Amino acid sequence: MECATIGNLWLSSFLISSPSTLSCSRRALVSRDACTASLCSKTHKSFPSPLRCRALDSPSTAANLSSDSDLVERTSRKLNVAGPISKDVDWPSPDDEIPFWKRNFPYSDANLLVRSNVVKDSDTLHIIHITAEMAPIAKVGGLADVVTGLARACLSRGHTVDIMLPFYECIQKEQISELTLITSYDSFHDGKWVSTNAYHGTVTGIPVIFIEPSNHFFKGQSVYGGSYDEMEAYLFFSRACLEWMQAAFVQPDIIHVHEWQASAVPLLYWDMYHHLSLRKPRITLTIHNMEHYGECRQEQLSKCGLDGSVYATEDKAVDDRTIGHNPERLSLLKGGIVYSNAVVTVSPTYLKETLCSGWLASTLIKCHDKYIGILNGIDYAVWNPTTDIFLPAKFNAKNLEGKRLCKYYLQKGLGLDLKGEETINRNDDVIDASVKVPMVVCITRLVAQKGLHLIIHAIKHVEELGGQMIVLGKAPDRRVENEFKHLADLLNQGPNVRILLMYSEELSHMVYAAADIVLVPSMYEPCGLSQMIGMRYGAVPIVRKTGGLADTVFDIDDQSNQEMANGFVFEGIDERSLSWALDRAFYHYRENPDEWAGMVRKVMEIDNSWNNTAGKYIDVYNSVRVR
Ligand code: ADP
């Protein structure tokens with residue numbers, strides 16, 4: 001089947017159902033009104049439409065944003081850091097009872113509002129994201145940042161945007177404003193209708209609909225890895241989102257699904273709900289990481305009410321590598337690619353890589369007309385060193401005094417050697433600019449993709465070079481965790497290395513702000529946000545040339561591209577290649593401090609915000625919407 005053939009023609013696949021699914025399918029098809037009526041006979045508070053968030057439109061707050069320098073000045077004055085560093089700073093120590101990154105931060109002061117001073121699009125859309133992650137309340141990696149950042153950028157441009165998220169038990173309800181039950185309804189799973197609640201709330205200014213089933217799905221203390229079948233839970237969630245739209249009479253222009261977790265939505269939409277009441281939406285899929293393709297057994301897919309066996313064909317959702325095996329497996333991501341109206345991946349280079357390698361390449365090649373690479377942005381409302389509530393001092397490209405304080409603060413807090421101490425004039429506590437110890441940081445999920453052997457090599461090599469290194473990472477795999485624990489036990493008592501095996505949003509902000517160099521030595525990297533966030537906070541990146549890293553970092557020593565030059569790039573996956581990049585970075589840092597300071601300013605001024613790229617998503621949405 002051609003990729004472009006989406007929709008009505010595929011009704012047949014929905015009708016050929018197994019007995020158990022047939023009853024559900026018939027129920028859904030035949031008694032659409034009855035079904036909807038039964039859903040609506042349960043609680044359905046009127047859906048606040050359009051769900052708009054607070055806009056940053058008061059003259060005073062808008063003015064606040066008008067000048068980053070003003071902000072730095074004002075916050076600096078408050079903290080007494082723009083000039084001499086105040087003795088009032090509450091310096092941290094490794095012996096603190098409450099670690100400095102767990103102190104009470106003024107979360108309510110966080111300036112995370114949707115900006116209304118952005119030029120509005122004249123032709124607006126209603127977009128609903130369906131996702132397994134959202135920053136900051138359900139964040140594991142970049143997916144969460146991207147969903148929140150893109151949603152905020154589109155809201156700022158005048159579009160109506162909602163995010164649909166599982167109501168994970170681990171979500172802290174205090175982080176949600178105005179949480180309200182809006183709909184109680186039933187959604188289908190494994191031959192039964194499961195009573196389900198939909199809540200509406202606002203998270204950092206963004207409207208979110210939380211889906212909460214009454215069964216055990218999404219219970220546990222983390223986003224992933226609960227004691228339930230993850231595949232079945234996300235299949236349930238995918239259907240429950242569409243069921244909710246039907247129950248609440250909501251028909252967005254675009255349903256934007258992310259990753260394999262939401263990739264059953266396009267199948268369910270075109271083969272089921274489009275034949276019920278949802279006519280208007282068109283589907284965009286973003287693939288954030290092709291490695292996770294949603295391996296799914298046919299009977300698992302059947303549990304959401306589709307007939308799994310119908311999708312086990314090459315032109316639909318079969319995992320091509322299993323053809324001829326018994327049983328053949330499905331890939332939800334492949335099904336999502338085939339069934340979506342537009343497919344986006346997160347950088348132009350990753351797009352090329354995925355067309356050339358990997359088992360999904362043939363599907364992507366067939367779908368090349370609707371496949372596009374759009375570089376991610378970062379959310380400048382969250383990642384902003386002039387307003388960041390987690391930093392002991394604010395700074396910007398024109399006033400880097402606060403950055404020096406952030407580095408000193410982190411060194412003190414983690415008990416690192418204060419090699420800059422001798423340059424501090426103890427009388428007025430001024431930190432001298434000539435601190436010669438580069439701080440290299442790596443903030444990452446500790447998984448094979450991220451170049452674990454290179455991270456370990458960097459730790460050793462940075463120490464040999466006389467620098468300091470902080471790794472902030474969480475390892476989902478016990479073996480990897482043990483390996484890094486062992487290293488941490490060896491090195492964390494020493495003066496120059498800290499390996500912090502945890503996830504902490506607060507600490508990550510402080511580490512980026514303290515960093516001179518941010519290291520991203522990935523084996524492959526669809527886009528990578530860490531290098532962009534690092535640059536925003538004045539850290540010069542060292543990256544391996546792959547995926548989105550190749551689209552965002554350009555080598556300083558490449559004489560043919562001095563205009564774009566903003567970091568250090570290496571190509572090999574071996575330790576020597578990385579050493580070469582680190583050696584060059586240390587040389588520049590120590591031998592050319594003025595040039596380095598210029599580089600810090602330059603990387604801070606690069607615009608990697610969503611404002612820059614959200615427009616490309618709007619173009620994609622417009623290219624598939626129906627009026
Ligand atoms: P990926 O999506 O593959 O995890 P990205 O670079 O795209 O990688 O995004 C990673 C995001 O997760 C960044 O915001 C980074 O700061 C954050 N992050 C990764 N590990 C940690 C950690 N241990 N603590 C806090 N934030 C982390």
Side-chain angles (χ1 to χ4, degrees), residues 99 101-102 131-150 204 222-224 258-261 286-292 345-347 349-350 374-385 388 390-391 410 441-452 455 470-477 480-481 484-485 488 498-515 518-537 539 541-544 546-553 608-610 613:
W101 62 90
K102 289 191 179 160
T131 173
E133 292 185 36
M134 176 200 181
I137 54 170
K139 174 170 164 179
V140 176
L143 164 64
D145 290 316
V146 169
V147 169
T148 304
L150 176 59
T204 71
S222 53
V223 170
Y224 301 127
H258 298 266
E259 296 289 70
W260 72 264
Q261 288 94 342
T286 294
I287 305 172
H288 299 256
N289 190 334
M290 208 78 62
E291 193 188 29
H292 311 298
T345 196
V346 291
S347 71
T349 297
Y350 190 58
I374 301 179
L375 193 66
N376 283 334
I378 54 173
D379 188 348
Y380 272 27
V382 174
W383 300 107
N384 185 350
D388 194 322
F390 302 125
L391 305 189
L410 199 78
V441 309
C442 183
I443 301 176
T444 185
R445 292 180 298 118
L446 291 169
V447 293
Q449 173 203 338
K450 301 295 180 180
L452 297 176
I455 295 172
I470 297 175
V471 176
L472 173 60
K474 198 159 158 60
D477 180 289
V480 175
E481 195 186 18
F484 275 86
K485 256 193 186 141
R498 292 294 176 268
I499 299 169
L500 308 165
L501 297 178
M502 63 174 133
Y503 179 90
S504 165
E505 187 70 16
E506 294 84 352
L507 185 54
S508 75
H509 285 241
M510 298 179 189
V511 173
Y512 283 121
V518 60
L519 174 67
V520 193
S522 306
M523 295 298 96
Y524 74 92
E525 191 60 75
C527 178
L529 299 178
S530 198
Q531 80 283 10
M532 294 197 244
I533 300 169
M535 286 194 272
R536 174 88 165 134
Y537 283 70
I542 298 182
V543 304
R544 207 178 140 256
T546 178
L549 301 174
D551 292 328
T552 49
V553 183
N608 281 314
S609 72
W610 271 109
T613 52

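A quick note: this is a predicted structure, and the numbers were derived from the prediction, not measured. Indexing begins at 1, ligand by ligand and atom by atom, following the structure's order. In this chain, residues are counted from 1 in sequence order.
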K.L.:
Could you pull out every N or O of ligand 1 that sits under 3.5 Å from a protein N or O, with the distance for each pair?
P.N.:
from: ligand 1; atom 1: 2 (O); to: Gly142; atom 2: N; distance (Å): 2.6
from: ligand 1; atom 1: 3 (O); to: Arg445; atom 2: NH2; distance (Å): 2.8
from: ligand 1; atom 1: 3 (O); to: Lys450; atom 2: NZ; distance (Å): 2.7
from: ligand 1; atom 1: 4 (O); to: Arg445; atom 2: NE; distance (Å): 2.7
from: ligand 1; atom 1: 6 (O); to: Leu529; atom 2: N; distance (Å): 2.9
from: ligand 1; atom 1: 6 (O); to: Ser530; atom 2: N; distance (Å): 3.3
from: ligand 1; atom 1: 7 (O); to: Leu529; atom 2: N; distance (Å): 3.3
from: ligand 1; atom 1: 8 (O); to: Lys450; atom 2: NZ; distance (Å): 3.1
from: ligand 1; atom 1: 9 (O); to: Gly142; atom 2: N; distance (Å): 3.2
from: ligand 1; atom 1: 14 (O); to: Lys139; atom 2: NZ; distance (Å): 2.9
from: ligand 1; atom 1: 14 (O); to: Asp145; atom 2: OD2; distance (Å): 2.6
from: ligand 1; atom 1: 16 (O); to: Tyr512; atom 2: OH; distance (Å): 2.8
from: ligand 1; atom 1: 23 (N); to: Met502; atom 2: O; distance (Å): 2.9
from: ligand 1; atom 1: 24 (N); to: Ser504; atom 2: N; distance (Å): 3.2

K.L.:
Evaluate ring-ring contact (aromatic ring centres under 6.0 Å, His included) for Trp101 paired with His509, printing each intermediate quantity in order.
P.N.:
CA-CA 10 Å; Trp101 62 90; His509 285 241; over 10 Å; no
K.L.:
With no hydrogens and no angle check, just 3.5 Å: does a side-chain donor-acceptor pair link Thr148 and Asp379?
P.N.:
no
K.L.:
Taking only residues two or more places apart in sequence, or in another chain, which ones meet Lys474 in a side-chain contact (heavy atoms from CB on, under 4.5 Å)?
P.N.:
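Applying side-chain contact (heavy atoms from CB on, under 4.5 Å) to Lys474 gives Tyr503.
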K.L.:
Sequence neighbours left out, what passes side-chain hydrogen bond (donor to acceptor under 3.5 Å, both in side chains) with Thr444? Give chain and number order.
P.N.:
none
K.L.:
Taking only residues two or more places apart in sequence or in another chain, which ones pass side-chain hydrogen bond (donor to acceptor under 3.5 Å, both in side chains) with Tyr350?
P.N.:
none
K.L.:
Could you check whether Lys450 pairs with Glu525 (Lys NZ or Arg NE/NH1/NH2 to Asp/Glu carboxylate O, under 4.0 Å)?
P.N.:
yes
